[in-house]
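Order of the sequence lines fixes the chain letters, A, B, ..., with proteins taken first and strands second; residue numbering starts at 1 for each chain.
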There are 2 protein chains.
Amino acid sequence: MTTMTKYSKQREAIKEYLSQTKEHPTADTVYTNIRAILPNISLGTVYRNLNLLAEQGEILKINCQDGSVHFDGKLDRHYHFICNDCGKICDIEMESIDFINKIASANFGGKIDGHTVHFYGKCPECK
Amino acid sequence: MTTMTKYSKQREAIKEYLSQTKEHPTADTVYTNIRAILPNISLGTVYRNLNLLAEQGEILKINCQDGSVHFDGKLDRHYHFICNDCGKICDIEMESIDFINKIASANFGGKIDGHTVHFYGKCPECK
DNA sequence: TCAATAATAGTAATTATTATTATAAAGAAG
DNA sequence: CTTCTTTATAATAATAATTACTATTATTGA
């Protein structure tokens, strides 16, 4: 029996917050911001729901090069840039580069289903 | 005054171990394996040297999608594949795709210096 | 309205990693 | 070869991020 997901205002608030922000907050930043609306929410609830939403594909979990974890409520196809100076994550709107999967498949015995790519450098502000 | 790096057999053993293995071990796996040669090495020493070697560009630090951190002693240009089933990291020998930096630069205000890319799917064994 | 189940807050526990410190090893100078 | 200075080490403590636990509360379907 597959377990059933019930509504909760906490999860709804997290989803809403992520969908409206342009930032790519960490779990802790989500927690801080959600507490403005739901002062009694617990950090564990934030973590559980972020992971649940990410599993369900409703948000995106971003594992940065430096080991930090960020979340993204924007669902349309886009890429991420991380600034080497200020550490900020920016969106990059660009054409799909899914064709690199084909390039990688050429000399590889397994099956390539996808990839993750992050770009690095100086963001518009730090440049 | 820039601090000077002194030789240590611990660091040498870590470097040697990474250069000869085809695996992409975690810090803890490095620790376990090095203890076969140096039974008294401490985990802190392993972490410190892995980070030092990575900073100096003598080894590679790989931050996986799932948050785990692995190390690679292979220095020539190659790409990484992570199996969705068994979690193993494999090398992919393929032509450079550095040109994706140009594609990303097209509509971006900042400066793109590099990228990281990991491929996902089923490895040769799991397929 | 009621029963079943999932979600929560609060807290404790875990994991990975870094910091601290007294001792040991490395390298330079005499 | 001995001494001095500096870096590295082992062992341990501390930290940070995340997950697990548990009693209580909220949601949903009947």
Side-chain angles (χ1 to χ4, degrees), chain A residues 1-18 23-56 58-72 82 87 89, chain B residues 1-18 23-56 58-72 82 87 89:
Chain A
M1 60 344 184
T2 155
T3 86
M4 131 96 164
T5 300
K6 289 184 178 174
Y7 169 90
S8 89
K9 61 175 187 292
Q10 289 86 346
R11 177 160 53 246
E12 210 52 34
I14 290 169
K15 215 174 123 182
E16 166 61 18
Y17 165 68
L18 279 176
E23 310 294 317
H24 301 76
T26 61
D28 205 68
T29 304
V30 172
Y31 175 57
T32 304
N33 283 279
I34 293 294
R35 276 207 295 186
I37 311 157
L38 300 171
N40 293 320
I41 197 170
S42 81
L43 186 54
T45 297
V46 171
Y47 271 103
R48 183 163 27 75
N49 281 303
L50 286 172
N51 286 331
L52 182 60
L53 290 168
E55 269 172 36
Q56 295 178 341
E58 304 207 55
I59 64 171
L60 214 69
K61 191 173 186 173
I62 311 168
N63 281 79
C64 291
Q65 191 68 342
D66 65 357
S68 64
V69 180
H70 298 252
F71 295 89
D72 187 353
I82 297 112
I89 302 180
Chain B
M1 51 6 175
T2 154
T3 86
M4 134 93 162
T5 300
K6 288 186 177 173
Y7 169 90
S8 89
K9 62 176 187 290
Q10 289 85 346
R11 182 179 320 117
E12 212 51 35
I14 291 168
K15 214 174 123 182
E16 166 60 18
Y17 165 67
L18 279 175
E23 311 293 315
H24 301 76
T26 61
D28 205 68
T29 303
V30 172
Y31 175 57
T32 303
N33 282 280
I34 293 294
R35 276 207 294 185
I37 311 156
L38 300 171
N40 292 321
I41 197 170
S42 80
L43 186 53
T45 297
V46 172
Y47 272 103
R48 182 165 26 76
N49 281 304
L50 286 173
N51 286 331
L52 183 61
L53 290 168
E55 270 171 35
Q56 295 177 342
E58 304 207 55
I59 63 171
L60 214 69
K61 191 174 186 173
I62 311 168
N63 281 79
C64 291
Q65 191 68 344
D66 65 357
S68 65
V69 179
H70 298 250
F71 295 89
D72 187 353
I82 298 112
I89 302 179

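- Here D/dA8 presents its C1' atom at 16 Å from NZ of B/K15, a figure rounded to the nearest Å.
- Within the 4.0 angstrom heavy-atom criterion, only backbone atoms of the sugar-phosphate kind lie near B/T5; the bases stay farther away.
- Regarding A/L50, its CG atom lies at a distance of 15 Å from the P atom of C/dA7, rounded to whole Å.
- Residue contacts for A/I41: at a heavy-atom cut-off of 4.0 Å it reaches the sugar-phosphate backbone alone, with no base atom in range.
- Contact annotation: A/S42 does not reach the phosphate of C/dT8 (side-chain N/O to OP1 or OP2, under 4.0 Å).
- Put simply, CZ on A/R35 is 16 Å from P on C/dT8, counting in whole angstrom units.
- When all heavy atoms of B/L50 and B/I59 are compared, the pair lying nearest together is O-CD1, 3.5 Å.
- Contact annotation for B/R48: base contact, defined as any heavy-atom pair under 4.0 Å involving a base atom.
- Mapping B/K9 and B/K61 onto DNA chain C by nearest heavy atom places B/K61 closer to the 5' end of the strand.
- Straight-line distance from the OH atom of A/Y31 to the P atom of C/dT11: 11 Å, rounded to whole Å.
- Applying the 3.5 Å distance criterion, the base of C/dA6 shares no donor-acceptor pair with the side chain of A/K6.
- For the pair A/R11 and A/Y7, the NZ or CZ position fails the cation-pi test of under 6.0 Å to the six-membered ring centre and within 45 degrees of the ring normal.
- Between A/Y47 and D/dT19, a side-chain N or O to OP1/OP2 separation shorter than 4.0 Å is absent.
- Where A/V69 and A/S8 meet DNA chain D, the nucleotide closest to each residue was compared, and A/V69 sits on the side nearer the 5' end.
- Among the heavy atoms of the strands lying under 4.0 Å from B/N49 are primed sugar atoms or P, OP1, OP2 only; no base atom is included.
- For A/T45, whose side chain is taken as the heavy atoms from C-beta onward, the closest listed nucleotide among C/dA9, C/dT17, C/dA7 is C/dA9.
- Counting all heavy atoms, side chain and backbone alike, B/A13 lies closest to B/L38 at CB-CD1, 3.9 Å.
- Between B/Y47 and the choices B/L43, B/T45, B/N49, the side chain to side chain contact (heavy atoms under 4.5 Å, CB included) rule is met once, by B/L43.
- Applying the 4.0 Å criterion to OP1 and OP2 of C/dT18, one finds that B/N51 has a side-chain N or O inside that range.
- Phosphate contact (OP1/OP2 of D/dA10, side-chain N/O of B/Q10, threshold under 4.0 Å): present.
- Of all heavy-atom pairs between B/Y31 and B/I41, the closest is CE1-O, 3.4 Å.
- Residue A/Y7 is classed as a sugar-phosphate contact, given heavy-atom separations below 4.0 Å to backbone atoms only.
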